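Just so we're clear, the structure is a prediction, and the values are computed from it rather than from any experiment.
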Amino acid sequence: MVELTRKRIDPAELMRRIKTVDAGGVAVFCGDVRRDGPEENPLVALDYSAHEEMALEQMRRIRERAMAEFAVCDVALAHRLGRLSLGETSVVVAVAAAHRDAAFEACRFVIDTVKKDVPIWKKEIRADGESAWVDPSGEP
Amino acid sequence: MTRVTAQFFGPAADMTGCVQRCYDLGDEATLDEMIARLRSDYPQIETAAKSIRFAVNCKFAEPATRLRAGDEVAVIPPVSGG
């Protein structure tokens, strides 16, 4: 399953949806809004927006690729849009597989490809109210 | 004549002050020509040219892609999801 939502994402719910008795494990990645300086004007929120129709299509394609290229049972991918505060979860990837190697590798593949190819953008909102688009070239 | 819609997202919408507009291109129009028109209308896109990608009808597309009437061309600046 893939989902774009403006509501809180529940990682446990995604895990429940993809768990089967054929899967020996589920690898989950949660991307959260983390604290960022400087101290005198810290980050207070991230605001996510998207080319929604294309983002969903790209997310579906990424899921299909993960299912085809890794020995996994199922993949769930959810991304949240709108304004998120520190600690809130923006993206969850969950992968169920018979064996953990494939689960971890597919999970990594999905989040890396989401960050490269899904048309979603985030704006940093600082304590002083100013906002600026994130430049992804600075991110690991 | 080929009428297509240009859509601007994220930083591109802010940069250009535009979210959507129509373009009338020639009969055998390609994405290349559309990009040239966009760069000419929006110098900010010219400046950011190397890092901007384009999508036609929700799929990333190569410059040689033929455009058809009703196509939607999205200007996709570097993404920052996740």
Side-chain angles (χ1 to χ4, degrees), chain A residues 2-5 9 29-34 46-62 77-82 84 88-93 107-124 130-140, chain B residues 3-23 30-31 34-35 37-39 41-82:
Chain A
V2 298
E3 189 185 15
L4 262 185
T5 179
I9 302 172
F29 175 79
C30 295
D32 298 334
V33 180
R34 66 175 164 83
L46 290 175
D47 197 313
Y48 287 87
S49 56
H51 178 344
E52 293 185 32
E53 196 186 338
M54 184 176 169
L56 264 174
E57 276 200 36
Q58 289 292 96
M59 288 163 71
R60 281 185 203 114
R61 275 192 208 108
I62 291 168
L77 168 58
H79 203 301
R80 189 172 167 191
L81 300 178
L84 276 66
E88 291 199 281
T89 298
S90 58
V91 61
V92 178
V93 181
C107 190
R108 180 81 206 220
F109 165 79
V110 171
I111 185 61
D112 283 356
T113 313
V114 165
K115 288 178 78 69
K116 192 167 75 69
D117 285 339
V118 175
I120 293 175
W121 297 270
K122 62 190 176 219
K123 242 190 209 183
E124 290 181 340
E130 290 296 309
S131 64
W133 294 103
V134 167
D135 172 7
S137 63
E139 285 188 357
Chain B
R3 172 161 288 188
V4 302
T5 303
Q7 299 169 319
F8 301 85
F9 291 93
D14 277 6
M15 253 194 258
T16 61
C18 182
V19 291
Q20 184 164 295
R21 64 177 283 190
C22 285
Y23 277 91
T30 60
L31 179 57
M34 176 76 164
I35 294 172
R37 290 279 297 272
L38 287 167
R39 282 180 174 180
D41 286 348
Y42 302 103
Q44 313 89 328
I45 290 187
E46 174 65 41
T47 308
K50 283 203 184 100
S51 57
I52 288 185
R53 287 185 284 179
F54 297 88
V56 176
N57 301 333
C58 296
K59 289 187 176 62
F60 285 117
E62 294 299 313
T65 304
R66 262 294 293 285
L67 295 179
R68 292 181 167 75
D71 278 351
E72 292 175 340
V73 176
V75 178
I76 310 275
V79 301
S80 55

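- Note: H51(A) NE2 to Q7(B) CD = 5.0 Å, rounded to the nearest 0.5 Å.
- Contacts of A50(A) with chain B are made by backbone atoms alone, with heavy-atom separations under 4.5 Å and no side-chain atom involved.
- Interface with chain A: from residues 10-22 of chain B, residues G10(B), P11(B), D14(B) qualify, criterion being any non-hydrogen pair under 4.5 Å.
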With a cut-off of 3.5 Å and sequence neighbours excluded, list every side-chain donor-acceptor pair involving residues 65-76 of chain B.
| from | atom 1 | to | atom 2 | distance (Å) |
| --- | --- | --- | --- | --- |
| T65(B) | OG1 | E62(B) | N | 3.3 |
| T65(B) | OG1 | E62(B) | O | 2.6 |
| D71(B) | OD1 | N57(B) | ND2 | 2.9 |
| D71(B) | OD2 | R68(B) | N | 2.7 |

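- W121(A) has its side chain within reach of P77(B): a pair of non-hydrogen atoms, C-beta onward, lies under 4.5 Å apart.
- More than 12 heavy atoms of other residues, nucleotides or ligands sit less than 6.0 Å from atom CZ of R61(A).
- Of all the heavy atoms in D117(A) and V79(B), the pair that sits closest is N-CG2, 4.3 Å.
- Contacts between K123(A) and chain B at a heavy-atom distance below 4.5 Å involve the side chain alone, from C-beta outward.
- Closest non-hydrogen pair, E57(A) versus C58(B), comes out as OE2-CB, 3.8 Å.
- With rounding to the nearest 0.5 angstrom, the CD atom of E124(A) is 9.5 Å from the OG atom of S80(B).
- Distance check, rounded to the nearest 0.5 Å: CZ of F60(B) to CE of M54(A) gives 3.5 Å.
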